[in-house]
Each structure stands twice: as C-alpha cells, then as structure tokens.
Amino acid sequence: YIVEAVDNSGKLKSDPNVGDKVLLMCGAACRTSTGSNVVQYQWTENGNVIATTREHTVTTATTGKFSYLCWVKNCGTPPAKAITFTVKAAVEDFSTFSFSSVSPDYMWYSTSDGTSSDSPFQIDCYGSDSLSTSFVQEVYRNGNSVATSSAHTFQSPPKSTESGVYQCIMRNNGVAKFLKQKTTNVVIATDPSIVVSSSTTSIYDGTTAEFTCTVTGYPVTSVTVSKDSLTLDCLAGTTSGDTTCSQNPNSSSEFVIKVETFSAGEAGTYKCSATTKWYKTDGTEMGKSAENTIVL
C-alpha cells in the first residue's frame, strides 16, 4: 500500500509551511485465499491513535519534523507505513510589494476645497510572493485593522479622524506573523477656527486674568497668543513675565492664557492665532490660518 500527503489544492506536500492543512492518505488492497477482505485503517502519531479512516487531515501548527504511521487492519499483520515531513517557517520571500497610489509615502486631502493627492482617495496594496503561496492582505491604521482586503477606501469626503499612519500588511494565510509591510502617512486637512472665551473681561488691578482659546482644525502646527510686542508659543507652553499660555491637559484643543497680577499696562487686545499645515507630494507647503481676539 502507499502513503501520501496532499495539501488542499491536491499537490503533494513533502515539506509544508506552518499553518498548512495536510491531507494524509493511505491506500491498500488485501486479498486472501477466501476472497477480498474489507480493509480497516488506523493513523497513529507518537504511538497514539489519531484517526481510523483512510484519509486524515492535520494542521501544521509548529515547525519541526513530524511522522505519521498508517496501519492496515483485517488483512493479516502487515507492517505500518510511515510518512515523515519537516514543517518549515512561513515563507518570507516576496518578490513584489508596493502601493498603487500616486504618493506612496504621503497622502493628503483638504476638506476646504476638496483637492487631494490621489483620486480616488484610497490606499491600494498590491503584492505577490515568489512561491505563489496563499497569503492574506490587510490595511491597518495606527495599529488597528480597517480593511481585511487589499484596499481601503476613505469616506467621501474623508474625515479628519481618518488621518494617521497606514500599513499594508501581507502574511501567510493562517499565520499570525507579519511577513511584509509598507507604511504611508495620510493627512485629512481641515481649516482652523478659534473661539476665545473668558468668564469676565473686566479685571481688577493686581488679580489674575484668564481666558481660553479653543482651536479646531487638522493638523494644527502652531498656536500663538500675542499683544503688542508680546508673542507666546502655546504649543511649547512659553512664558513671558507674568503671562503664560499652556495647553489644557484635559483637552488638546484648549489653550489657557493667564496674566498674573494684572495691571493697567496689560489691558488691551489679545489675539489668538492658529495654523494648519501640510505638504503636497512635490514638497509644496499648503496651509490655512485663523485668528480671533479678546479685549481685557
């Protein structure tokens, strides 16, 4: 009788990869002086019976050398036939793997005028391995899966929440290990806007004046507050004299401006300014600015 190992596509598998399903087949014919007997089969692994059928499927979960024995029953006592194979690690030899987008390393979309670096605005992952084995393609954003296919299409129009670092990942089917990946950065740019608020604009001499600049837009690259010759970088949390501007630790869009021991010389108009900035594929700088004021 013969023993063979065949994968799901019907090909003989002498050395399968981790995660492959291997079909073990054992064939035998038995004839005695009284006629043909009904052959009974038994598969064993390390002395333990794992199946009593002619065919048995095993999944290769780990690397190493494995041996399976096929026993024929009800036909005298013929010796067992063995099949042995070595399970290899997942194939990592990919011949091609690239994005189809025009800007493979950077993509942008402006919600203010609808212009973008790519049309349609989507990420496409195309790739193949040199051995033509089965593989899975996925798209991740900031470490989370957003598509279990070779493409991810953004909302129309895209939302700023879709900005982030995207990864196209290729791996062997059934194997958790990432085999190959390529990363692109996506910016969904929105125009900035500023709302300035304060519980009061009439400040007593020697007390603390405080107001808040709430900034929206993406990506915000600068937030400043200024009065006369005074300019503070709120993103850096700079200080000048008794005036400070700092980001609210509980809200990334809020910036709190404080003037300790407020005096008549510090009264006047304070201006909050913000800028969003990004770059086109050719390096051209793109951006929008906004400002708002408050009088103390």
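Model, not experiment: these values are computed from the prediction.
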| query | For Leu23 and Glu55, what are the C-alpha separation, side-chain angles and deciding distance, and is it a side chain to side chain contact (heavy atoms under 4.5 Å, CB included)? | reply | CA-CA 7 Å; Leu23 175 63; Glu55 298 179 357; 3.9 Å; yes
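- Residues Glu291 and Ser273 approach most closely at CB-OG, 3.8 Å, considering heavy atoms.
- Val195 and Ile257 fall into different hydrophobic clusters, defined by Ile, Leu, Val, Met, Phe, Trp and Tyr side-chain heavy atoms under 4.5 Å apart, directly or through other members.
- Note: Gln42 CD to Thr52 OG1 = 7.5 Å, rounded to the nearest 0.5 Å.
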| task | Check the pair Cys272 / Phe211 against side chain to side chain contact (heavy atoms under 4.5 Å, CB included), numbers first and verdict last. | result | CA-CA 11 Å; Cys272 284; Phe211 62 93; 4.2 Å; yes
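- From Cys70, atom SG reaches atom CZ of Arg54 across 9.5 Å, with rounding to the nearest 0.5 Å.
- In this structure, Glu285 and Lys277 have side chains that are in contact, with non-hydrogen atoms separated by less than 4.5 Å.
- Residues Cys26 and Tyr41 approach most closely at O-CE2, 3.6 Å, considering heavy atoms.
- One hydrophobic cluster, built from ILVMFWY side chains closer than 4.5 Å, cannot hold both Val187 and Leu235; they sit in different ones.
- Criterion: ILVMFWY side-chain heavy atoms under 4.5 Å apart, direct or through other members. Under it, Val256 and Ile294 are not part of a common hydrophobic cluster.
- Here the side chains of Leu296 and Tyr270 are in contact, with some heavy-atom distance below 4.5 Å.
- Looking at every heavy atom in both residues, Ser145 comes nearest to Tyr140 through N-CD2, 3.5 Å.
- Contact check for Thr190 versus Thr276: no side-chain heavy atoms found under the 4.5 Å cut-off.
- Lys258 and Glu210 get closest at one heavy-atom pair: CE-OE1, 3.1 Å.
- Looking at Val22 and Thr57, their side chains never come closer than 4.5 Å, going by heavy atoms from C-beta outward.
- Defined by atom type and a distance below 3.5 Å, a donor-acceptor pair is present between the side-chain atoms of Thr275 and Ser289.
- At distances below 3.5 Å, at least one donor-acceptor pair connects side-chain atoms of Trp43 with backbone N or O atoms of Thr53.
- Residues Tyr68 and Ile50 meet the side-chain proximity criterion, which asks for heavy atoms closer than 4.5 Å.
- Side-chain N or O atoms of Glu254 include none that pairs as donor or acceptor with a backbone N or O of Ser251 at under 3.5 Å.
- No continuous path of ILVMFWY side-chain contacts below 4.5 Å connects Phe66 to Val49, so the two sit in separate hydrophobic clusters.
- Across the pair Cys234 and Cys213, the gap between the SG atoms, which is the quantity tested here, reaches or exceeds 2.5 Å.
- Of the inter-residue distances, the one linking Thr224 atom OG1 with Asp233 atom CG reads 7.5 Å to the nearest 0.5 angstrom.
- Two residues are said to be in side-chain contact when any heavy atoms from C-beta on lie closer than 4.5 Å; Thr243 and Glu266 meet this criterion.
- For the atom pair OG (Ser110) and CH2 (Trp278), the distance works out to 4.0 Å, reported to the nearest 0.5 Å.
- Proximity of a side-chain donor or acceptor of Asn142 to a complementary backbone N or O of Val165 within less than 3.5 Å is detected.
- Atom OG1 of residue Thr244 and atom CD of residue Glu260 lie 6.5 Å apart, to the nearest 0.5 angstrom.
- Donor-acceptor pairing under 3.5 Å is recorded for the side chains of Thr216 and Ser193.
- A side-chain donor-acceptor contact under 3.5 Å links Asn248 to the backbone of Asn250.
- Under a hydrophobic-cluster definition in which Ile, Leu, Val, Met, Phe, Trp and Tyr are linked whenever side-chain heavy atoms come within less than 4.5 Å, directly or via other members, Val58 and Ile83 are assigned to the same cluster.
- Looking only at side-chain heavy atoms (C-beta outward), Tyr218 and Ser163 come within less than 4.5 Å of each other.
- For Glu162, the side-chain contact (heavy atoms from CB on, under 4.5 Å) partners are Arg141, His152, Phe154, Gln155, Pro158, Lys159, Tyr166, Ile188, not counting sequence neighbours.
- The heavy-atom pair separating Ser67 from Glu45 by the smallest distance is O-CG, 4.1 Å.
- Using a 4.5 Å heavy-atom cutoff, the side chains of Phe262 and Asp205 are not in contact.
- Rounding to the nearest 0.5 angstrom, the gap separating the OG1 atom in Thr293 from the CD1 atom in Ile194 is 10.0 Å.
- The two residues Leu232 and Cys245 have their closest heavy-atom pair at CD1-N, 4.0 Å.
- Of the possible donor and acceptor atoms, one in the side chain of Gln247 sits under 3.5 Å from a partner among the backbone N and O of Ser252.
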